[in-house]
2 protein chains.
Amino acid sequence: MPKRQAPIPLVDLDADAPCCPPLAQRRVPAETAAILAPAFKALGDPVRLQLMSMIASADGGEACVCDLTPAFDLTGPTISHHLKTLREAGLVDAERRGTWVYYRARPQILRQLAGLLSIEPTAAAQR
Amino acid sequence: MPKRQAPIPLVDLDADAPCCPPLAQRRVPAETAAILAPAFKALGDPVRLQLMSMIASADGGEACVCDLTPAFDLTGPTISHHLKTLREAGLVDAERRGTWVYYRARPQILRQLAGLLSIEPTAAAQR
DNA sequence: TCTCTGTTTAGACATATGTCAAGACAAGGT
DNA sequence: ACCTTGTCTTGACATATGTCTAAACAGAGA
C-alpha cells in the first residue's frame, strides 16, 4: 500500500508558531478540524479542564498524579482515565519517576488552540 | 451523574474582559470549569469547529444556514442539531430574517476561551 | 521474595452523542 | 387557501463517554 501521503502533517502539534490562522479569519479546513477538534473535546469536560489547569499551573511545570487525584471526588481509575484522554489529545505528557508519575503540559498545542480562537480587535469589528 | 444547571452564571459570557486568568497561571476553579467546559466541548466536534469557523469568518459577520448545510455531507437536521449545540454553548446567536436563519458568532466568549488557553511567554518558562 | 503503595488496565453499566428519516413549523409566492 | 422552500423538532438507533469495582502492573523497602 502506497502510504506516500502525509509526509508533512497538516497541523504540527509540536510547532512553536500557531498552526493556522484564527478561526474567525478564514474557514478552518476539514483536515485541520479533524486534528484539532479532539483537543477541544478533551478540554470539554470539567474534570479534565481542571486537571489541565492544575498541571499547567503547577510549580515546576509538572504535577504528580498523587496530587491531582485527591483534588476530586472521583476514584483513582477515573482520574487516570481522564489523564489518558488528555495524553491522547496531545495536551500533556506523562513520565514515571520512581513510584510517582508526573504530568506536564505541552504549551505548543495550547498556544495553537489559543491562536485558533484568537480574535484580532479589527476583525471582531461590528458590535 | 447530576447534570446540574447553573441558575446564575458565575462567569459572564458576555463580558468583554477575559473572565479569568490563563489556565496555566492559576488553577481553574470547579465552578468556572463547569461553565466553560461545555464551550470547549461544543468545539470538540470537527463539524462544529468548521461551522463555528464558517460563521465567525463569514462576510458581514453572519452566515445563513442555507450556506452552511451544503458545505457538509450531512443532512439538514444534523447540521441544525450541531448549530443548536453551538447556540446552547453560547458560541453563536441565531436570528430569523424572512425565510432564512442567520447565525452570528459571539466574539466575547471566543475571547474568553482564547484567554484561558493563552500562555504568556514568561509563565511558559521552564520546559 | 514478599508486601505495601501508587498507577493503570479491563470490564461493566447507565447516560450522552451524532446521525438519519419523517414530520412539524415558518414565511413567501401563486 | 394552497403549495414550495427553508429550517427545526421528534423519535429512533448505534456508538461513545464517564464512572465504578476488581484486577493487573511498577517500584521501593523489609
Side-chain angles (χ1 to χ4, degrees), chain A residues 30 33-52 54-55 58 62-104, chain B residues 1-6 30 33-52 54-55 58 62-104:
Chain A
I35 293 169
L36 292 186
F40 284 119
K41 188 177 191 174
L43 295 175
D45 179 276
V47 172
R48 286 195 297 266
L49 193 52
Q50 289 176 81
L51 282 171
M52 188 69 213
M54 292 175 74
I55 295 168
E62 61 184 12
C64 172
V65 176
C66 58
D67 291 328
L68 299 173
T69 304
F72 300 88
D73 212 19
L74 295 170
T75 65
T78 297
I79 297 298
S80 183
H81 161 73
H82 283 306
L83 289 171
K84 182 181 184 184
T85 300
L86 288 175
R87 237 184 303 130
E88 290 176 344
L91 289 164
V92 300
D93 272 330
E95 184 194 356
R96 164 162 239 139
R97 280 205 303 280
T99 304
W100 292 279
V101 176
Y102 295 90
Y103 280 76
R104 174 176 288 274
Chain B
M1 186 221 328
K3 165 130 184 166
R4 218 164 233 318
Q5 199 73 294
I35 292 167
L36 291 186
F40 284 119
K41 187 177 193 174
L43 294 176
D45 179 277
V47 172
R48 286 195 295 268
L49 192 52
Q50 289 177 80
L51 282 171
M52 188 69 211
M54 292 176 72
I55 294 168
E62 61 184 14
C64 173
V65 175
C66 59
D67 291 327
L68 299 173
T69 304
F72 299 87
D73 213 20
L74 296 169
T75 65
T78 296
I79 296 299
S80 183
H81 162 71
H82 283 306
L83 289 171
K84 182 180 183 183
T85 300
L86 289 174
R87 236 184 303 131
E88 289 176 345
L91 289 164
V92 300
D93 273 329
E95 184 193 356
R96 165 162 239 138
R97 281 205 303 281
T99 304
W100 291 279
V101 176
Y102 294 89
Y103 280 77
R104 175 176 288 274

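The basis for the numbers below is simple: all heavy atoms, side chains too, and nothing from hydrogens, waters or symmetry mates. Letters A, B, ... mirror the listed sequences (proteins, then strands); counts begin at 1.
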Original post:
Can the positive tip of Arg96(A) be found less than 6.0 Å from the middle of the six-membered ring of Tyr102(A), inside 45° of the ring normal?
Top reply: no

**OP:** To the nearest Å, give me how far apart OH (Tyr102(A)) and P (dG6(C)) are.
**Re:** 12 Å

**OP:** Report the distance from atom CH2 of Trp100(B) to atom C1' of dT5(D), rounded to the nearest whole Å.
**Re:** 9 Å

Original post:
Rounded to whole angstrom units, what separation is found between the CZ atom of Phe72(A) and the C1' atom of dT19(D)?
Top reply: 14 Å

Original post:
Do the side-chain N or O atoms of Arg96(B) get closer than 4.0 angstrom to the phosphate oxygens (OP1, OP2) of dC8(D)?
Top reply: no

Original post:
Looking across every strand, which nucleic acid part, if any, lies under 4.0 Å from Ile79(A) by heavy atom: base, sugar-phosphate, or nothing?
Top reply: nothing

Original post:
What is the distance, rounded to the nearest whole Å, between atom NE2 of His81(A) and atom P of dA16(D)?
Top reply: 13 Å

Original post:
Where the side chain of Val101(A) is concerned, which of dT8(C), dC20(C), dT7(D) is the nearest nucleotide?
Top reply: dT8(C)

Original post:
Backbone N or O of Gly76(B) within a donor-acceptor pair of the Ser80(B) side chain at under 3.5 Å?
Top reply: no

Subject >> Spacing of Lys84(A) atom NZ relative to dT19(D) atom C1', expressed in whole Å >> reply: 15 Å

Original post:
Checking all strands, does His82(B) fall into the base, sugar-phosphate, or nothing category for heavy-atom contacts under 4.0 angstrom?
Top reply: sugar-phosphate

**OP:** Provide, to the nearest angstrom, the distance between the CG atom belonging to Leu68(A) and the P atom belonging to dG6(C).
**Re:** 14 Å

Original post:
Is the distance from OP1 or OP2 of dG18(D) to the nearest side-chain N or O of Thr78(A) less than 4.0 Å?
Top reply: no

**OP:** Quickly work out the Glu95(B) CD to dC8(D) C1' distance and round it to whole Å.
**Re:** 17 Å

Original post:
For dT17(D), does either OP1 or OP2 sit under 4.0 Å from a side-chain N or O belonging to Lys41(A)?
Top reply: yes

Original post:
Counting side-chain heavy atoms from CB outward, which of dA21(C), dT8(C), dC8(D) is closest to Thr75(B)?
Top reply: dA21(C)

**OP:** Could you tell me whether Arg97(B) contacts a base, only the sugar-phosphate backbone, or nothing, with contacts defined as non-hydrogen atoms closer than 4.0 Å?
**Re:** nothing

Subject >> Straight-line distance of Leu74(A) CG to Leu51(A) CG, nearest 0.5 Å >> reply: 9.0 Å

Subject >> Partner of Tyr103(A) under side chain to side chain contact (heavy atoms under 4.5 Å, CB included), chosen from Leu91(A), Leu83(A), Asp67(A), Asp93(A) >> reply: Leu83(A)

Original post:
How long is the span from the CZ atom in Arg48(B) to the CD1 atom in Ile79(B), to the nearest 0.5 Å?
Top reply: 10.5 Å

Original post:
Hey, does the side chain of Ser80(B) come within less than 4.0 Å of dC8(D)'s phosphate (OP1/OP2), counting only N and O?
Top reply: yes

Original post:
Across the strands shown, which category fits Thr99(A) at heavy-atom distances under 4.0 angstrom: base, sugar-phosphate, nothing?
Top reply: sugar-phosphate

**OP:** Could you work out which one of dT7(C), dA21(C), dG18(C) sits closest to the side chain of Pro77(B)?
**Re:** dA21(C)

Subject >> Min side-chain heavy-atom separation Gln50(B)-His82(B) under 4.5 Å >> reply: no

Subject >> Separation of dT8(C) P from Glu88(A) CD (nearest whole Å) >> reply: 12 Å

Subject >> Sugar-phosphate only, base, or nothing, as touched by Gly98(A) at under 4.0 Å among non-hydrogen atoms >> reply: sugar-phosphate

Original post:
Can you check whether Tyr103(B) has a side-chain N or O nearer than 4.0 Å to OP1 or OP2 of dC8(D)?
Top reply: yes

